[in-house]
Amino acid sequence: MSDATQQIGTTEPNEAQFGDYVALLKPRVMSLVVFTAAVGVFVAPVAVHPFIALVAILFIALGGGASGALNMWYDHDIDLIMKRTAKRPVPAGRVQPGEALSFGLWLSFISVVMLGLVANWMAAAILAFTIFFYVVIYTIWLKRWTPQNIVIGGAAGAFPPMIGWAVATGSVSVESVLMFCLIFMWTPPHFWALALFMNEDYSKAGVPMLTVTHGRRETRKQILIYTVLLAPLAVGTAFTSIGGWIYLAAALVLNARFLLGAWRLWQRDEVQAEADKYAAEKKFFRLSLSYLFLHFGALLLQAIWVKLGMGAW
């Protein structure tokens, strides 16, 4: 890592472009933050003025982007080592670490204060805690220390629908906790699937992902275990106030596919995986992305159906 740090220090800085600052916000991750937060607002039992909802979601997105910028500031040394992250603005030398830090801190302050003023201070407090959790608990503490980094750190990505619910209601409820748990339990299978075919990157960077510390075989087993635990939680949400037959139908199909995918991963050995260049692992990773979006999409459709006066069942 010292070599990587030296390389960053000797890289001749290039003038940052607008797109580089957008990249600091991790727009792909932000899209998930925006969508799940918006669903949290919409499925809540309290109506929110469309303009307030839109502005609130904007500041939640900025808070998520602030977390991304602060993550890139702290992780610029290991980002340079990994192929997947080497072209990010900071390790590539287009944005200096201090600039990323300042950018992230200012966005954090603006997003939290403005969300409090636009919506309420409960939602702002959860957003502030989310940024703190992602940057301090996950990035600075857990990521380089324990293979449980993804398990515990996954909470940071699970807060957006809870924030959205708080925007509408000013409170936390069983329903918002269930949406949190859905993302929290989904995170380990999702990231461990990525680690199965990106293990060399994590190993070189010294990040103690489960694949590095316990091997791919144990990782496959843990993916299956978490998927088995996730499925009843996901399906059970259909029988709450935010559920209904639309969500239930989607959850049954999605979780059957997810369980089958996890089972197939568990059955594979490294000879098979290397022979087809981890095709099944990459397929499961892509499935995990659609899994979460489609679950929250089903919650959204269910809420629209109810608001149209059709009823939950």
Tell me which donor-acceptor pairs under 3.5 Å the side chains of residues 109-119 have, and how far apart each pair is, sequence neighbours excluded?
{"residue": "S111", "atom": "OG", "partner": "L107", "partner atom": "O", "Å": "2.9"}
{"residue": "S111", "atom": "OG", "partner": "S108", "partner atom": "O", "Å": "3.0"}

Give the table of side-chain donor-acceptor pairs shorter than 3.5 Å for residues 146-164, with sequence neighbours excluded, one pair per line with atom names and distance.
{"residue": "T146", "atom": "OG1", "partner": "Q148", "partner atom": "N", "Å": "3.0"}
{"residue": "N149", "atom": "ND2", "partner": "K143", "partner atom": "O", "Å": "3.1"}
{"residue": "N149", "atom": "ND2", "partner": "T146", "partner atom": "O", "Å": "3.3"}

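- Two residues are said to be in side-chain contact when any heavy atoms from C-beta on lie closer than 4.5 Å; L25 and Y21 fail this criterion.
- Using a 4.5 Å cut-off on side-chain heavy atoms (C-beta onward), F296 and M179 make contact.
- The ring-ring contact (aromatic ring centres under 6.0 Å, His included) test applied to W73 returns no partner, not counting sequence neighbours.
- Between the side chain of S203 and the main chain of N199, no donor-acceptor pair closer than 3.5 Å is present.
- With sequence neighbours excluded, no residue forms a side chain to side chain donor-acceptor pair (under 3.5 Å) with Y74.
- When the side chain to side chain donor-acceptor pair (under 3.5 Å) test is applied to E200, the partners found at least two apart in sequence or on another chain are K204.
- For the pair E99 (side chain) and Q96 (backbone), a donor-acceptor distance under 3.5 Å is present.
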Only distances under 3.5 Å count here; give the side-chain donor-acceptor pairs of residues 124-138 to other protein atoms, sequence neighbours excluded, each with its distance to 0.1 Å.
{"residue": "T130", "atom": "OG1", "partner": "I126", "partner atom": "O", "Å": "2.7"}
{"residue": "Y134", "atom": "OH", "partner": "K26", "partner atom": "NZ", "Å": "3.2"}

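- With sequence neighbours left out, D276 forms a side chain to side chain donor-acceptor pair (under 3.5 Å) with R268.
- Between R94 and D20 there is a salt bridge, since a side-chain N of the basic residue sits under 4.0 Å from a carboxylate O of the acidic one.
- Legend: residues meeting side chain to side chain donor-acceptor pair (under 3.5 Å) with Q222, ordered by chain and number and at least two apart, are E218.
- V207 is listed as a side-chain neighbour of I78, based on a closest heavy-atom distance under 4.5 Å.
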Which atom pairs, one a donor and one an acceptor, fall under 3.5 Å between side chains of residues 41-61 and the rest of the protein, sequence neighbours left out?
{"residue": "H49", "atom": "ND1", "partner": "F51", "partner atom": "N", "Å": "3.0"}

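- A donor-acceptor contact shorter than 3.5 Å links the side chain of N120 to the backbone of A123.
- Comment: E270 engages R220 in a salt bridge, judged by a side-chain N to carboxylate O separation of less than 4.0 angstrom.
- Proximity of a side-chain donor or acceptor of R216 to a complementary backbone N or O of L196 within less than 3.5 Å is detected.
- Contacts classified as ring pair (Phe, Tyr, Trp, His ring centres under 6.0 Å) and involving residues 262-283 (residues at least two apart or in different chains) are given here: W263-W266.
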| Derivation and outcome, side chain to side chain contact (heavy atoms under 4.5 Å, CB included), residues I242 and Q302 | CA-CA 8 Å; I242 59 175; Q302 185 68 64; over 6 Å; no
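- When every heavy atom of F284 is checked against every heavy atom of A193, the shortest pair comes out as CD2-CB, 3.6 Å.
- The minimum heavy-atom distance linking A234 with Y247 is given by the pair O-OH, 2.6 Å.
- If you chain together ILVMFWY residues whose side-chain heavy atoms come under 4.5 Å of each other, V22 ends up grouped with F18.
- Shown here are the ring-ring contact (aromatic ring centres under 6.0 Å, His included) partners of W121, two or more places apart in sequence or in another chain: there are none.
- A salt bridge links R88 with D79; the closest basic N to acidic carboxylate O contact falls under 4.0 Å.
- In this structure the side chain of F258 reaches within 4.5 angstrom of the side chain of S288, judged on heavy atoms.
- Counting heavy atoms from C-beta on, the side chains of T240 and T237 come closer than 4.5 Å.
- Between V235 and L248 there is a side-chain heavy-atom pair separated by less than 4.5 Å.
- Aromatic pair F191/F285: ring centres not closer than 6.0 Å.
- By the neighbour-count criterion of 12 heavy atoms within 6.0 Å, atom CZ of R217 is densely surrounded, having more than that number from other residues, nucleotides or ligands.
- Annotation for A23 and P89: closest pair CB-CG, 3.7 Å, computed over non-hydrogen atoms.
- Residues L182 and L178 fail the side-chain proximity criterion, which asks for heavy atoms closer than 4.5 Å.
- Between R144 and D75 there is a salt bridge, with a side-chain nitrogen of the basic residue lying less than 4.0 Å from a carboxylate oxygen of the acidic one.
- Here the two rings, on W186 and Y226, have centers that are 6.0 Å apart or farther.
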